[in-house]
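Since the structure comes first, as structure tokens, the remarks are kept for the end.
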Amino acid sequence: MQSISALYQLQRVVAIGGGHGLGRVMVSLGFLEERLTGIVATTDDGGSTGRLRDASGCIAWGDLRNCLNQMCAEGPALSRILFEYRFKGCGDLDGHVLGNLILLAMDQMCVRPMDAVNLIRQMLDVSAELIPMSEEPTRLGAVSNEKEIVGECTIDGLSDTPQKLLLLPEIKATSEAIERVRDAEMIILGPGSFMTSVLPALLISEFAQAVNQSQALKVFVANINQEASSVGRMSVNETLDWMFQMTAVYPDVVLWPQEHQTPEGLRCDTLVAPLSDGFKKGVHNIEALRLSLDQLAMSIVR
């Protein structure tokens with residue numbers, strides 16, 4: 001690891017998002033250990049996660065499982081392999097991921113989903129904190145052409161950007177998520193799917209209010225690749241304005257990959273940096289992400 005000075009001085013960093021992008025941020029900042037918190041979207045309705053939610057009424061575990069698996073890279077290899085194992089040709093188990101089943105089992109054994117996540121963190125030796133955005137099951141909804149559409153997978157496949165997004169039913173944020181945001185010195189939004197990873201937690205009104213009231217530096221991390229959903233046809237200006245209209249949240253700074261043309265006209269600062277991973281297409285380089293966020297943290301610790 002190259003020299004990191006400012007990030008080490010922060011007492012609480014909060015990252016908000018979904019499985020793949022949030023996991024990358026959590027791995028990049030994992031050296032902060034218990035001072036790092038990830039607030040994870042729980043609206044996934046695809047594959048094993050969607051089937052378990054429909055069958056048991058649990059929260060969506062997929063993004064939490066994805067983050068945990070990325071973060072336990074230094075943990076026991078067998079635990080990682082088992083956690084991501086997907087059953088094949090096993091009747092009702094076919095297609096299910098063992099990690100989802102373990103989380104569901106832990107949830108049924110515990111009082112709260114948070115307890116289940118914390119037990120899995122101990123098992124995988126993950127020191128940074130992960131919090132589901134809510135402990136109540138909900139689905140992502142959208143209004144498009146005056147029609148209400150329900151489900152992440154369906155919304156991602158829309159040809160036009162919906163007028164707005166919402167949660168069905170409305171839910172309360174996990175109390176720990178609100179507390180961590182209030183204590184945060186830096187709040188990171190993204191990277192990842194804008195509609196299905198970044199926005200869901202912010203659609204909880206009390207959580208969005210806590211983010212707005214926080215004095216933390218709010219950083220939006222832009223994606224390396226253009227999104228395949230309808231959001232991919234929007235400029236970053238349009239995307240952030242749309243987020244503001246729905247949630248009243250707007251970042252203080254955008255972390256932008258220098259591999260793409262720098263946006264103009266943003267209502268916030270922009271830090272342009274080489275962020276692409278040379279070995280994994282469309283993925284942020286962990287070290288580059290860490291160094292860029294450290295540069296932004298310098299404005300906090302001065």
Side-chain angles (χ1 to χ4, degrees), residues 1-42 59 61 63-76 79-80 83 99 102-103 106-107 110-135 173-192 197 201 207 210-211 213-219 221 284 286-287 289-298 300-301:
M1 184 189 301
Q2 296 185 31
S3 176
I4 301 292
S5 57
L7 282 169
Y8 268 123
Q9 299 179 56
L10 301 186
Q11 296 304 306
R12 176 64 58 187
V13 175
V14 172
I16 302 169
H20 294 285
L22 176 60
R24 204 70 176 167
V25 172
M26 297 295 287
V27 171
S28 174
L29 302 183
F31 64 92
L32 292 173
E33 299 184 332
E34 69 278 354
R35 292 179 288 155
L36 174 65
T37 299
I39 312 295
V40 190
T42 56
I59 65 172
W61 293 110
D63 284 337
L64 282 157
R65 187 205 77 245
N66 193 320
C67 284
L68 282 164
N69 193 58
Q70 291 188 64
M71 293 165 64
C72 71
E74 302 301 324
S79 297
R80 299 198 309 273
F83 204 62
I102 293 173
L103 281 162
M106 291 289 194
D107 184 27
C110 297
V111 176
R112 305 174 55 195
M114 267 294 297
D115 297 334
V117 174
N118 287 333
L119 284 171
I120 296 295
R121 283 177 50 221
Q122 292 176 26
M123 183 182 83
L124 297 176
D125 195 25
V126 171
S127 54
E129 187 176 38
L130 281 178
I131 301 175
M133 70 181 202
S134 175
E135 295 181 287
T174 306
S175 58
E176 288 88 346
I178 299 288
E179 293 170 7
R180 301 302 182 270
V181 163
R182 287 174 177 164
D183 294 339
E185 294 165 278
M186 176 184 285
I187 296 174
I188 302 166
L189 302 169
S197 292
F207 184 76
V211 172
Q213 292 175 347
S214 171
Q215 298 302 305
L217 180 71
K218 301 172 185 68
V219 182
V221 182
H284 290 73
I286 288 174
E287 185 67 22
L289 189 57
R290 182 187 295 126
L291 290 171
S292 297
L293 291 171
D294 187 66
Q295 184 176 340
L296 292 173
M298 291 179 185
I300 301 172
V301 300

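Because the structure is a prediction, the values reported are computed rather than measured.
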**Prompt:** Does some side-chain heavy atom of D63 sit less than 4.5 Å from a side-chain heavy atom of T42?
**Reply:** no
**Message:** Can a donor-acceptor pair be found, under 3.5 Å and without considering hydrogens, that links the side chain of R180 to the backbone of T37?
**Reply:** no
**Message:** For the backbone of R182 and the side chain of S214, can you confirm whether one donor and one acceptor N or O come within less than 3.5 Å of each other?
**Reply:** no
**Message:** How long is the straight-line distance from SG of C110 back to CG of D115, given to the nearest 0.5 Å?
**Reply:** 5.0 Å
**Asked** Any ion pair linking R112 and E135 (charged N to carboxylate O, less than 4.0 Å)?
**Response** yes
**Asked** How many angstroms lie between atom CG of L189 and atom NZ of K218, to the nearest 0.5 angstrom?
**Response** 9.0 Å
**Request:** Of all the heavy-atom pairs spanning A41 and S197, show the shortest one and how long it is.
**Result:** CB-O, 4.0 Å
**Request:** Return yes if some donor-acceptor pair links the side-chain N/O of D107 with the main-chain N/O of L103 below 3.5 Å, else return no.
**Result:** no
**Request:** Carefully, step by step, assess M133 and T174 under the rule side chain to side chain contact (heavy atoms under 4.5 Å, CB included).
**Result:** CA-CA 6 Å; M133 70 181 202; T174 306; 5.8 Å; no
**Prompt:** At what distance, to the nearest 0.5 angstrom, does CZ of F31 lie from CG of L36?
**Reply:** 8.5 Å
**Asked** Is S127 reaching over with its side chain to a backbone N or O of E34, donor-acceptor style, under 3.5 angstrom?
**Response** no
**Item:** E129 vs R12 side-chain heavy atoms within contact, under 4.5 Å
**Value:** yes
**Prompt:** If you take all heavy atoms of S5 and M298, which pair is closest and at what distance?
**Reply:** OG-CE, 4.3 Å
**Asked** Where is the tightest heavy-atom contact between L68 and V126, given as atom of each residue plus distance?
**Response** O-CG2, 4.2 Å
**Request:** Give the C-alpha distance, both sets of side-chain angles, the deciding distance and a yes or no for side chain to side chain contact (heavy atoms under 4.5 Å, CB included) between V13 and R35.
**Result:** CA-CA 6 Å; V13 175; R35 292 179 288 155; over 6 Å; no
**Prompt:** What's the shortest heavy-atom distance between P132 and I59, and which atoms?
**Reply:** CB-CD1, 3.9 Å
**Prompt:** Does a side-chain heavy-atom distance below 4.5 Å link F207 with I39?
**Reply:** yes
**Prompt:** Roughly how far, to the nearest 0.5 Å, is the CE atom of M114 from the OG atom of S175?
**Reply:** 8.0 Å
**Request:** To the nearest 0.5 angstrom, please state how far the CG atom of L217 sits from the CG atom of L296.
**Result:** 6.0 Å
**Verdict with reasoning, V117 to I131, per side chain to side chain contact (heavy atoms under 4.5 Å, CB included)** = CA-CA 8 Å; V117 174; I131 301 175; over 6 Å; no
**Request:** Would you please test Q70 and N66 for side-chain hydrogen bond (donor to acceptor under 3.5 Å, both in side chains) and show each step?
**Result:** CA-CA 6 Å; Q70 291 188 64; N66 193 320; 2.8 Å; yes
**Request:** Give the minimum heavy-atom separation between A184 and V14, together with the two atoms involved.
**Result:** CB-CG2, 3.8 Å
**Asked** In this structure, are over 12 heavy atoms from other groups packed under 6.0 Å from Q215 atom CD?
**Response** no
**Item:** Contact summary for V221 and I188, nearest pair of heavy atoms
**Value:** CG2-CG2, 3.6 Å
**Fill in**
Separation between CG (L130) and CZ (R121), nearest 0.5 Å, reads 7.0 Å
**Message:** With a 4.5 Å cut-off on side-chain heavy atoms, are L22 and I16 touching?
**Reply:** no
**Item:** Candidate pair D294 and Y8, rule side chain to side chain contact (heavy atoms under 4.5 Å, CB included), full reasoning
**Value:** CA-CA 9 Å; D294 187 66; Y8 268 123; over 6 Å; no
**Min side-chain heavy-atom separation I102-M106 under 4.5 Å** = yes
**Asked** Is any side-chain heavy atom of M186 less than 4.5 Å from a side-chain heavy atom of L10?
**Response** yes
